[in-house]
Amino acid sequence: MYSKGFAAEETKAAFARAAELAAKSDDFSQRFGATHGQWTVALVRGELKSAREMASAFLQEAESEGRLVEVGVVRRGLALICYLVGDFVEARTHCERALAACDPERDREARERFSEDTGCTAMSILAITSWQLGEVERARELIERANGRAAELGHAPSRAHPLQWKFNIELLGGNAAGALGAAQDLAALGRKHRMAYWLTDAELYAIWARCRLHDPTASAALLASRGARSRGWFSKAVLAELELETVGVENALAHVDEALVLAAQSEQRCNLPFAHLLRGDILLKLNPANPALVEEAYRNAIEIAGQQGAGTWGLRAALSIAKLYRSTGRTTESHAILAPALEGFTPTQELPEIAEAQALLGLLAETDEVKAVTARRQQRRQLHVAYGNALIATRGYGAPATTEAFTIAHGSTKGDAPDPERLAADYGLWVGSYIRGELPSMRVRAADFLHDIAARPDSAEAGVAHRVLGISHWFAGEYAEARDNLERSLTLFQPGPGDDLAFRFGQDAGVAAMLWLALTLWPMGRVERALVLIDQTQARIGAYACPDSHVREIACSAVRADAPRYHSNRVKRL
Amino acid sequence: MRRDIIQTESNASELAHLARDRGLDFFSPQRMILEGWVKAHSGMPDEGLADMHRGVELLPEQKVRVFDGLFKATLAEAEARAGDVDRALAVLDEALATCERIGHRPFESDLHRVRGELLLKRDPTHSTTAEEALKTGIAVAKQQTTRSFELRAALALAKLYRSTARPAAALAALAGAIEGFAPMPEMPEIAEAQALLEQLRATGPPV
């Protein structure tokens with residue numbers, strides 16, 4: 001494997017023979033070792049469907065036999081396969097489960113049997129997967145940790161994957177200096193331990209990095225002559241990217257088209273949005289007056305990125321198409337495509353496109369066209385929130401129609417800054433999950449709510465978000481976490497300014513915070529404090545009835561989400 | 001949760017008025033359960049149990065799962081009080097299954113405690129399963145840091161140990177659970193636990 005290469009015919013034949021012999025054996029370890037070799041070979045040869053089937057079958061067997069080491073090994077293999085086919089969510093799951101099951105003592109012996117350390121490899125694949133999914137800072141943290149851990153182990157094969165994936169992260173992020181460092185380390189490792197497979201790769205990686213840094217034209221030619229002939233579609237796309245900046249647009253277009261033809265024949269789909277995005281860039285440079293083909297290429301990139309959940313490529317492609325639209329006067333379309341792609345990203349040096357996209361979005365948002373569209377959307381959102389609130393009173397919190405109304409309201413906020421209606425929709429969706437007893441969805445909705453109010457952590461609405469999170473913890477019997485969030489909710493509640501929250505968030509924020517805190521503290525043995533809170537709750541409820549009975553009327557209409565009656569009662573009170 | 005009949009009667013009545021006057025149908029099942037529970041403890045067991053069952057059945061129809069454990073623990077207690085311990089245990093088993101199925105666990109400890117008490121009531125001569133249930137209630141309460149539920153389960157376990165001539169075990173079960181609590185009328189279990197603890201210390205071997 002390490003002298004002839006993972007994909008070599010000799011390697012394949014050796015593992016096939018081993019599997020044949022092991023098939024007759026009752027010894028699980030023997031059968032596993034042979035099959036592991038077989039699917040590794042299939043993986044490196046790009047036969048990903050076959051590799052996935054073999055690995056999935058063995059995962060079941062290893063799990064049913066309770067073989068924890070082997071389960072980890074299969075999961076790291078499946079993670080890589082899933083990553084390569086562009087199934088990033090599944091890849092992440094396999095990595096996280098492999099990492100969760102890691103045990104340094106137990107894995108020590110497994111390193112020799114299965115070539116490398118499961119933890120280091122799983123962490124590296126999780127890093128590159130996170131990068132694809134848009135979690136670029138997590139990717140950085142993971143890849144640095146994986147390389148640090150691999151260096152500490154002093155086990156040469158375990159260092160290769162972390163270095164390879166570090167190079168990939170630098171390459172995809174456009175950091176040539178970082179990529180060169182990783183490539184040189186990998187080359188040194190390959191040379192010292194005679195690992196031909198990694199040495200060949202590392203030399204190609206280094207050529208790319210030097211090309212970027214020092215001598216574009218000569219290195220591009222070298223890369224073309226040495227590597228791209230045999231290294232699959234992604235290498236051809238990388239070469240095309242270099243050529244776009246060096247030998248010319250025509251060459252670049254020929255190579256990217258060649259890459260896309262090969263990609264169509266390949267099972268490897270990770271980074272496929274890159275090839276389409278690059279094609280768009282090349283076409284734009286070739287003929288700026290004809291944006292239709294450019295738009296089609298960018299849209300292909302966005303579509304594939306969306307299918308894969310590849311948020312980083314989705315953002316890059318959306319930024320490119322947004323710039324294209326803006327340059328051709330299509331301002332509202334530019335805003336509409338960029339805003340949702342940017343959601344969830346916060347600026348970081350790891351991905352400068354985030355700051356660039358935010359700046360562009362800010363400019364677009366200031367135009368009259370975008371302002372008009374945003375206002376119309378907000379109006380529709382207000383209607384859906386009001387409708388959802390009305391349905392709470394008539395059909396119930398957990399009714400499908402209620403949830404549907406809030407889902408539409410929430411969906412229409414995509415890309416806009418969190419506004420009161422979005423927060424009300426967050427609440428409406430959470431309360432439906434809560435009433436129906438759907439804990440996973442409840443947790444997700446509560447986290448969304450808290451995320452949407454993250455910019456105003458001390459606001460009254462943040463208090464409601466903490467209440468929602470606290471109740472979700474209470475629901476799961478997580479009393480300590482419930483108490484912490486409900487205490488925070490109560491701290492953030494301000495009588496007076498917080499009174500109007502009742503209409504948007506189902507009930508009076510003060511009453512709800514005190515009541516839920518009491519309900520949590522009593523079982524925790526804090527009986528006296530719970531009773532004080534109940535008294536305070538009753539006093540606040542009483543304040544609604546006295547001195548002005550209209551206040552109680554307001555509270556009741558707010559609880560029922562009866563908007564006309566609520567407003568009419570408020571007017572009466574004033 | 002405190003099993004306070006007088007306060008519950010007053011609150012249930014107010015909830016009934018509010019729900020009726022303001023058209024808040026959503027609260028009808030809760031009202032039925034609370035009113036039924038009060039009736040079941042006020043000399044009208046059949047009517048009370050019927051109301052409670054109707055309320056408990058209406059909740060899933062409204063797709064409501066919240067407070068399932070609390071409502072079913074009180075329903076089970078009311079059933080047992082009316083003499084049908086098997087039906088009460090079936091209600092608790094269903095509630096514990098719901099805990100597992102949907103992860104709604106705030107009343108899990110109390111469900112085990114009530115189950116333990118009812119198992120003992122059904123067959124006082126075979127206390128092993130009751131003891132297991134009460135110990136589970138204590139373990140869940142410890143894990144959830146719900147000291148009030150822990151005290152209730154520990155009190156029930158201590159009574160079981162005392163009734164089976166195991167005063168040292170009773171003392172051990174109760175001593176840690178009562179720590180930090182001071183008697184108060186709103187939680188009579190504290191005074192009851194302290195009194196039992198004193199009796200055990202007075203009559204049992206030196207600890």
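The figures here come from the full heavy-atom set of this structure, side chains too, leaving out hydrogens, waters and symmetry mates. Lettering of chains follows the sequences in order, A, B, ..., and the numbering in each one begins at 1.
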May I ask you to check whether over 12 heavy atoms, not counting those of [X], lie within 6.0 Å of atom [atom1]?
| X | atom1 | answer |
| --- | --- | --- |
| A:Arg97 | CZ | no |
| A:Gln60 | CD | no |
| A:Glu404 | CD | no |

In the structure I gave you, are the side-chain heavy atoms of A:Leu519 and B:Met1 within less than 4.5 Å of one another anywhere?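 A:Leu519 reaches B:Met1 side chain to side chain.
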
Any A:Leu531 side-chain heavy atom under 4.5 Å of B:Arg2 side chain: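 Yes, at least one pair of side-chain atoms sits under 4.5 Å.
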
Pick one of side chain, backbone, both or neither for A:Glu528, based on which atoms fall under 4.5 Å of a heavy atom in chain B.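 Backbone plus side chain of A:Glu528, per the 4.5 Å heavy-atom cut-off to chain B.
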
Classify the ring geometry of B:Phe67 against A:Trp474: parallel below 30°, tilted from 30° to 60°, perpendicular beyond 60°.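 Tilted, since the angle between the ring planes falls between 30° and 60°.
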
Rounded distance [0.5 Å steps], [atom1] in [X] versus [atom2] in [Y]:
| X | Y | atom1 | atom2 | answer |
| --- | --- | --- | --- | --- |
| B:Gln143 | A:Glu478 | CD | CD | 8.5 Å |
| A:Thr403 | B:Lys63 | OG1 | NZ | 10.0 Å |
| A:Tyr434 | B:Arg65 | OH | CZ | 13.5 Å |
| A:Glu481 | B:Thr145 | CD | OG1 | 8.0 Å |
| A:Ile534 | B:Gln7 | CD1 | CD | 9.0 Å |

Please name the pair of heavy atoms, one in A:Tyr479 and one in B:Gln144, separated by the smallest distance, quoted to 0.1 Å.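 It is CB-O, 3.2 Å.
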
Please give me the minimum heavy-atom distance between B:Ile102 and A:Leu439, naming the atom from each residue.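 That closest heavy-atom pairing would be O-CB, 3.7 Å.
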
Proximal component of B:Phe181, with respect to chain A [non-hydrogen, under 4.5 Å]: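 Contact with chain A is through the side chain of B:Phe181 alone.
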
Could you tell me which portion of B:Arg101 (side chain, backbone, both or neither) has an atom closer than 4.5 angstrom to a non-hydrogen atom of chain A?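 Contact with chain A involves no heavy atom of B:Arg101 at all.
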
Chain B: which of A:Gly432, A:Pro523, A:Ala482 shares the most heavy-atom pairs with it under 4.5 Å?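 Option with the top pair count is A:Pro523.
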
